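Report on one structure; see the data block that follows.
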Amino acid sequence: MEWSALVYITLTIVTVALGLFVENGDYVPQAIRGGRAFGSRPCERQQARNRIAAFAIYCLLTGVSACRIAVGNDYWVYRDNFKLIAQERHVSSEIGFNYIVKWMQDIFGYDEYLYIFALFSIITVFFFVKALYEQGSYFAFSLYLLMTGGYYFNSLNSVRYYLALAIALFSMKYVLRREYGKFVLAILAAAMFHKSVLLVIPVYLTAGFLASASLKRRHYVAGGIFLCTLIFCQDLYKEIIFFFYPFYRNSAFDNGQLSYANILKCVCVLALCLLCYKRSLGEDRVNRFYFFLNLAGLAVYCCGAFIPEVSRVGYYMIISQVFLLPRLLGEMPRGWLSRLCHAGVACAFGGYFVLLLRDMYAVDIRLLPYLNWIFN
């Protein structure tokens, strides 16, 4: 591991440290509830400090992302696609992405790819930070999970997908507010950059419904039927996937490989949910929403190995852990069990981050070494 890995390590430490200045435990419930009263709230002193710290975090994350060059295994692939889009030739990316790329090159000139990467970094990081600010009751902890879980660093790769993922994370608040029109519009906008995000419309709405419902036998039966379809109707699901993504058929991604790390992550979160069920999940609609998303992610990872790029599909669901875990741990009674669970989650994600840094040198990831156009 060479020196540029210190850029990612230092960025994580500094941003999480800044996140400690954000105390928005009283703000988040009002942000999730929404409405006119929320929108007209005056800016109090603590809220001003929160915004300053969040803006500093946003600037740091955006700076590292926007200034990168030759970082990510698909960096130069994107650059080639930018040129094809400018030449009005066919590319497989969605119309919203193509339009913005063409617009940027009309403004800055042909093959000025640095500006295009910078713009998508600015937008993606904005939705990540905005989502944490409005939905993360324990902002610093949520930010730590976002960073060490790899979501931010992987956004330096797969530009279109991680923009859609950031918007999906941001849009969870609309489901919790029952503002379903805004939710659908947000996801449709995200689908202009990566159409796989359309999957979250039925998934998030179902999780929202279950979070508010008193579960009965019919709900368990419906869940069992869905799991059976994942097991016995795989060919049908694959044909639907290949209709939208024909280039995945017989590709390196169509390998039926299980994501053991994500399965283990979901199982451990499920165990913590069961431990905290009576206090934090029984009547808490917000926590139950995140819980059902985690449960859906576990089902996809266990039974959906036939899905190409299954990790990306599951990320739409398990990214909710950045909200769920801090809420569960924050609501535990003080004592040895609370300290043990806090330490366990922090160490588990810290260990995952170390493994992630090691794998960033792989030729199919190439997030390290980190290079930027200022110094390199």
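All of these numbers come straight from a predicted model, not from anything done at the bench.
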Contact check, side chains of Leu132 and Leu146, non-hydrogen atoms, under 4.5 Å: yes
Separation of Phe117 CZ from Ile69 CD1 (nearest 0.5 Å): 9.5 Å
Phe139 and Tyr133 aromatic ring geometry - parallel, tilted or perpendicular at 30°/60° bounds: perpendicular
Rounded distance [0.5 Å steps], CG in Leu356 versus CG in Leu367: 7.5 Å
Hphob cluster co-occupancy, Tyr152 + Ile9, side-chain heavy atoms under 4.5 angstrom: yes
Euclidean distance, Asn98 CG relative to Arg160 CZ, rounded to 0.5 Å: 8.5 Å
Cluster link Val77 to Ile100, ILVMFWY, side chain under 4.5 Å: no
Asn50 side-chain N/O to Glu23 backbone N/O, donor-acceptor pair under 3.5 Å: yes
Asp74 vs Arg366, salt bridge (charged side-chain N to carboxylate O under 4.0 Å, His left out): CA-CA, chis, key distance, verdict: CA-CA 9 Å; Asp74 60 359; Arg366 290 195 303 185; over 6 Å; no
Interatomic distance, Asp80 atom CG to Ile85 atom CD1 [nearest 0.5 angstrom]: 11.0 Å
Check: Met147 and Phe153 side chains under 4.5 Å, non-hydrogen atoms: yes
Heavy atoms from other residues, nucleotides or ligands near CH2 of Trp103 exceed 12 (cutoff 6.0 Å): no
Side chain to side chain contact (heavy atoms under 4.5 Å, CB included) assessment of Asp284 paired with Arg327: CA-CA 11 Å; Asp284 192 317; Arg327 289 175 66 95; 3.5 Å; yes
Student check: side-chain heavy atoms of Leu329 and Ser338 closer than 4.5 Å: no
Shared hydrophobic cluster, Leu188 / Val203 (ILVMFWY, side-chain heavy atoms < 4.5 Å): yes
Tyr180, OH atom: more than 12 neighbouring heavy atoms under 6.0 Å: yes
Exercise: do Tyr144 and Thr15 side chains pair donor with acceptor under 3.5 Å: no
Side chain Thr62, main chain Ile122, donor-acceptor under 3.5 Å: no
Ser320 side chain vs Met317 backbone, donor-acceptor pair below 3.5 Å: yes
Pair Tyr316-Ser196, side-chain hydrogen bond (donor to acceptor under 3.5 Å, both in side chains): steps then yes or no: CA-CA 10 Å; Tyr316 285 126; Ser196 67; 2.8 Å; yes
Side chain to side chain contact (heavy atoms under 4.5 Å, CB included) evaluation trace for Leu165 with Val197: CA-CA 7 Å; Leu165 180 65; Val197 75; over 6 Å; no
Between OH on residue Tyr370 and CG on residue Leu156, distance to nearest 0.5 Å: 7.0 Å
More than 12 heavy atoms from other groups under 6.0 Å of OH on Tyr352: yes
Linked, directly or transitively: Tyr78 and Trp76 (ILVMFWY side chains, under 4.5 Å): yes
Joint cluster assignment, Leu61 & Leu20, ILVMFWY side-chain distance < 4.5 Å: no
Between Tyr113 and Gln105: side-chain donor-acceptor atoms closer than 3.5 Å: no
Lys83 backbone acceptor or donor facing Asp111 side chain under 3.5 Å: no
Pi-cation contact, Tyr161 with Arg312 (under 6.0 Å, within 45°): yes
Centroid-centroid distance, Tyr151 to Tyr315, less than 6.0 Å: yes
Audit row: Leu176, Phe289, side chain to side chain contact (heavy atoms under 4.5 Å, CB included) steps and yes/no: CA-CA 8 Å; Leu176 294 170; Phe289 172 71; 3.7 Å; yes
Closest approach of Pro369 to Val71 (non-hydrogen atoms, all atoms of both residues): O-CG2, 4.2 Å
Flag for Arg68-Ser121: side-chain donor and acceptor within less than 3.5 Å: yes
Note, Ile57 side chain near Val16 side chain (heavy atom, < 4.5 Å): no
Backbone N/O of Asn157 and side chain of Asn73: donor-acceptor pair under 3.5 Å: no
Trace of the side chain to side chain contact (heavy atoms under 4.5 Å, CB included) decision for Phe183 with Leu205: CA-CA 9 Å; Phe183 166 68; Leu205 291 179; 3.9 Å; yes
Geometric class of the Tyr58/Phe126 ring pair [parallel <30°, tilted 30-60°, perpendicular >60°]: perpendicular
Closest approach of Val64 to Tyr8 (non-hydrogen atoms, all atoms of both residues): CG1-CE2, 4.4 Å
Ile318 versus Gly297, closest heavy-atom pair with distance: CG2-CA, 3.9 Å
Close side-chain approach of Glu94 to Lys195, heavy-atom, < 4.5 Å: yes
Side chain proximity check, Val14 to Leu60, heavy atoms < 4.5 angstrom: yes
Side chain proximity check, Cys268 to Val345, heavy atoms < 4.5 angstrom: no
More than 12 heavy atoms of other groups within 6.0 Å of Leu84 CG: yes
Over 12 foreign heavy atoms within 6.0 Å of OH, Tyr110: yes
Identified side-chain contact (heavy atoms from CB on, under 4.5 Å) partner of Ile319 from the options Asn294, Leu293, Leu324, Leu169: Leu169
Lys265: which of Tyr260, Tyr301, Phe349 passes side-chain contact (heavy atoms from CB on, under 4.5 Å): Phe349
Inter-residue atom distance Leu270.CG - Ile263.CD1, 0.5 Å rounding: 13.0 Å
Exercise: identify the closest heavy-atom pair between Pro202 and Thr206: O-OG1, 2.6 Å
N/O donor-acceptor pair under 3.5 Å between Gln135 side chain and Met172 backbone: no
Least distance between heavy atoms, Asn287 atom then Leu328 atom: ND2-CD2, 4.4 Å
Note: Asp106-Lys102 ion pair, threshold 4.0 Å (strictly below): yes
Member of Phe193, Phe120, Phe170 meeting the ring pair (Phe, Tyr, Trp, His ring centres under 6.0 Å) criterion with Phe127: Phe170
Test item: Ser4 and Leu371 side chains (from C-beta on) under 4.5 Å apart, heavy atoms: no
For Thr124 against Ala166, the heavy-atom pair lying closest together: O-CB, 3.6 Å
